[in-house]
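Structure first, then comments.
Order of appearance sets the numbers: ligands from 1, and atoms from 1 within every ligand.
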Amino acid sequence: MHQGRTTLSKFLIQQLKGSPEQNDLAALLVDIAACIKAISAMTSKGMLGDVLGSLDTTNVQGETQKKLDVLSNVAFINTFSMGGLVAGLASEEVDDPQEIDPRDGSGRFLAIFDPLDGSSNIDVNVSVGSIFSILRAPEGRTPTLDDYLRPGSVQLAAGYAIYGPATMMVITVGKGTHGFTLDREVGNFILTHPHIEIPADTSEFAINASNERFWEPPVQRYVTECKAGKNDVRGRDFNMRWIASMVAEVHRILMRGGVFMYPRDMKDPSKAGRLRLMYEANPMTMVVEQAGGLGSTGRSRILDISPEEIHQRVPVILGSRNEVERIERYHRDYDSGADQRYTSPLFQERSLFAN
Ligand code: AHG
Ligand code: MN
Ligand code: MN
């Protein structure tokens with residue numbers, strides 16, 4: 001029987017029927033969709049909306065905040081505070097997790113989010129996004145920090161919005177990864193990309209090549225081989241992209257395959273990587289793995305990491321399965337000493353990179 005267009009709400013009613021927790025999770029995702037519509041409306045106004053430019057404030061990581069970082073953060077906090085479904089939240093733009101006032105409901109969930117990802121792109125009118133991760137809140141007590149610091153494998157739901165030529169929302173509740181496109185005139189998210197599958201093989205990679213001199217040997221090896229093309233070990237030519245919005249890179253990988261890397265490097269040895277585990281790596285890895293891809297640090301599965309801090313950074317290598325497995329193998333070869341080809345003094349001290 002022809003069922004017509006599937007809105008996000010209809011889809012969630014079908015995917016999440018049964019327990020009260022599932023019903024509440026569906027309601028929460030509908031709330032998040034409303035927040036995403038509000039952020040989409042703000043970003044699309046551009047220069048006409050008085051939303052561009054930077055503030056003179058910095059976040060906990062010392063990054064200058066853009067106006068839209070703060071506006072998007074407020075939109076998410078208001079959504080979760082008023083919706084009655086969330087007991088606590090953590091955000092890239094908030095130093096410590098915040099409890100939601102219990103008067104607003106007995107929320108079952110914890111929400112962790114990057115309200116605006118790729119915000120360096122906002123002033124140049126290039127795609128940005130929002131990323132979210134949903135965990136189970138403890139029952140009958142106030143959440144503590146430890147309730148947030150759970151491995152990504154226990155996420156109940158994860159997803160992102162991309163504010164590009166079209167606004168899309170891509171989500172998973174652990175039953176595949178599905179994409180919805182915003183019909184702006186009507187204000188509904190419509191299921192346009194059911195059961196997204198990332199091809200296992202790819203000839204496209206994404207990495208900030210300006211950091212090349214700081215990379216570890218296994219990453220240098222991988223990229224060198226890709227660039228060497230069809231007359232070298234890979235036997236085919238590769239293409240490269242770098243948008244500087246993780247959301248946009250992951251979205252491209254979901255649509256046509258590819259591998260995205262923000263690996264550990266020696267630029268600032270005190271940082272384990274550029275991206276943040278709780279609100280970038282974990283939710284994006286769940287979305288990618290539910291679409292048949294993989295997410296790794298190069299040395300371990302991202303979703304198996306036991307977090308130590310809300311704003312903790314991790315190396316991220318994710319996308320098409322066979323490429324991620326190859327890069328993991330290059331790390332193993334290097335760590336075991338089987339790969340002797342790189343002898344740069346930068347990388348003589350293996351223990352610098354030991355996990
Ligand atoms: P955010 O805007 O939330 O701080 O995240 C930006 C991240 C990520 O989206 C992107 O992949 C990376 O930073 C870009 O880093 P470079 O500036 O090194 O290109
Ligand atoms: Mn980000
Ligand atoms: Mn951000």
Side-chain angles (χ1 to χ4, degrees), residues 35-36 39 42-43 51-55 57-77 89-95 111-133 152 158-164 170 204-215 219 223 240-254 258-268 271-285 287-288 295 297 302 310-319:
C35 175
I36 284 167
I39 298 172
M42 285 193 285
T43 56
V51 293
L52 303 188
S54 298
L55 300 168
T57 52
T58 50
N59 66 16
V60 67
Q61 301 163 76
E63 298 164 339
T64 301
Q65 291 178 307
K66 299 275 183 185
K67 267 189 209 171
L68 264 171
D69 284 321
V70 173
L71 291 168
S72 307
N73 190 46
V74 168
F76 271 103
I77 291 177
L89 60 84
S91 160
E92 179 188 347
E93 306 301 339
V94 179
D95 297 7
I112 309 175
F113 52 96
D114 176 353
L116 199 71
D117 174 68
S119 52
S120 73
N121 281 325
I122 195 71
D123 293 341
V124 292
N125 200 15
V126 169
S127 294
V128 290
S130 302
I131 309 173
F132 61 90
S133 163
Y160 66 84
I162 178 166
Y163 313 109
V170 175
E204 199 161 65
F205 66 96
I207 192 163
N208 183 343
S210 71
N211 293 326
E212 180 161 5
R213 67 192 182 282
F214 302 113
W215 296 336
V219 174
V223 172
M240 200 203 84
R241 288 283 184 274
W242 188 250
I243 305 172
S245 278
M246 185 194 200
V247 157
E249 318 277 3
V250 169
H251 191 69
R252 184 187 62 251
I253 288 169
L254 286 165
V259 63
F260 167 87
M261 289 167 278
Y262 217 120
R264 170 169 285 193
D265 64 39
M266 281 293 287
K267 198 172 184 177
D268 178 352
K271 292 180 181 160
R274 163 84 169 86
L275 299 173
R276 280 62 55 102
L277 175 63
M278 304 297 293
Y279 41 82
E280 291 174 323
N282 271 344
M284 292 311 237
T285 299
V287 165
V288 163
T297 66
I302 285 173
I310 285 286
H311 299 285
Q312 163 174 352
R313 296 174 193 262
V314 276
V316 174
I317 296 162
L318 53 74

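A salt bridge does not link Lys66 with Glu92: none of the charged nitrogens is closer than 4.0 Å to a carboxylate oxygen.
Considering just the N/O/S atoms of Asp117, the one nearest the Mn ion (ligand 2) carries the name OD1. Looking at Glu280, its N, O or S atom nearest to the Mn ion (ligand 2) turns out to be OE2. Per residue Glu92, closest N, O or S atom to the Mn ion (ligand 3): atom name OE1. When the Mn ion (ligand 3) is compared with the N/O/S atoms of Asp114, atom OD1 turns out nearest.
Taking only non-hydrogen atoms, the option from Tyr262, Phe260, Tyr279 nearest to atom 12 (C) of ligand 1 is Tyr262.
Of all the heavy atoms in Pro283 and Ile131, the pair that sits closest is CG-CG2, 3.5 Å. Summarising the geometry of Ser245 relative to Asn121, their closest heavy-atom pair is OG-ND2, 2.9 Å, with the distance given to 0.1 Å. Nearest heavy-atom pair across Ala281 and Val314 is CB-CG2, 3.6 Å.
Ligand 1 has no atom lying under 4.0 Å from any heavy atom of Val128. The shortest separation from a heavy atom of Arg276 to ligand 1 is under 4.0 Å, placing the residue in contact.
The ligand atoms of ligand 1 that sit less than 4.0 angstrom from a heavy atom of Leu275 are 7 (C), 8 (C). Near Ser245, the atoms of ligand 1 lying under 4.0 angstrom from a non-hydrogen atom of the residue are 9 (O). Interface of Glu280 with ligand 1, defined as ligand atoms under 4.0 Å from a residue heavy atom, comprises 3 (O), 5 (O). The atoms of ligand 1 that sit less than 4.0 Å from any heavy atom of Asn208 are 16 (P), 18 (O), 19 (O). Here is the list of ligand 1 atoms found below 4.0 Å of a heavy atom in Asp114: 3 (O). Which parts of ligand 1 touch Leu116 is read off a 4.0 Å heavy-atom cut-off, strictly below it: atoms 2 (O), 3 (O).
Under 4.0 Å from ligand 1, heavy atoms of Asp117 appear from its side chain as well as its backbone. Only side-chain heavy atoms of Arg274 come within less than 4.0 Å of ligand 1; its backbone N, CA, C and O stay farther off. The backbone and the side chain of Ala244 each have at least one atom closer than 4.0 Å to an atom of ligand 1 (non-hydrogen atoms only).
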- Could you walk me through whether Phe113 and Ile77 pass the side-chain contact (heavy atoms from CB on, under 4.5 Å) check? CA-CA 10 Å; Phe113 52 96; Ile77 291 177; 4.1 Å; yes
- With side-chain contact (heavy atoms from CB on, under 4.5 Å) as the test, would you mind laying out the steps for Phe260 and Leu275 before giving the verdict? CA-CA 12 Å; Phe260 167 87; Leu275 299 173; 3.6 Å; yes
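For the 3.5 Å distance criterion, the side chains of Asn282 and Ser133 fail to qualify, holding no donor opposite an acceptor.
One distance of note links CZ of Phe76 with CD1 of Ile36; it measures 5.0 Å at 0.5 Å rounding. In this structure, OH on Tyr160 lies 14.0 Å from CG on Asp114, to the nearest 0.5 angstrom. Note that the OG1 atom of Thr297 and the CG atom of Leu277 stand 10.5 Å from one another [nearest 0.5 Å]. Taking CG from Leu68 and CD1 from Ile122, the interatomic distance works out to 4.5 Å, rounded to the nearest 0.5 Å.
Distance from atom 19 (O) of ligand 1 to its nearest protein heavy atom, with residue and atom name: Trp242 NE1, 3.0 Å. In terms of protein heavy-atom proximity, atom 11 (O) of ligand 1 is nearest to Met246 N, 3.5 Å.
Residue Pro115 does not count as close to the Mn ion (ligand 3), with no N, O or S atom under 2.8 Å.
Side-chain contact between Arg252 and Ile243 is present, with at least one heavy-atom pair separated by less than 4.5 Å. Between His311 and Met278 the shortest side-chain heavy-atom distance does not fall below 4.5 Å.
Looking at Ser120 next to ligand 1, no N or O pair under 3.5 Å apart turns up. In terms of polar-atom proximity, Gly118 is counted as a contact of ligand 1, with an N or O under 3.5 Å from an N or O of the ligand.
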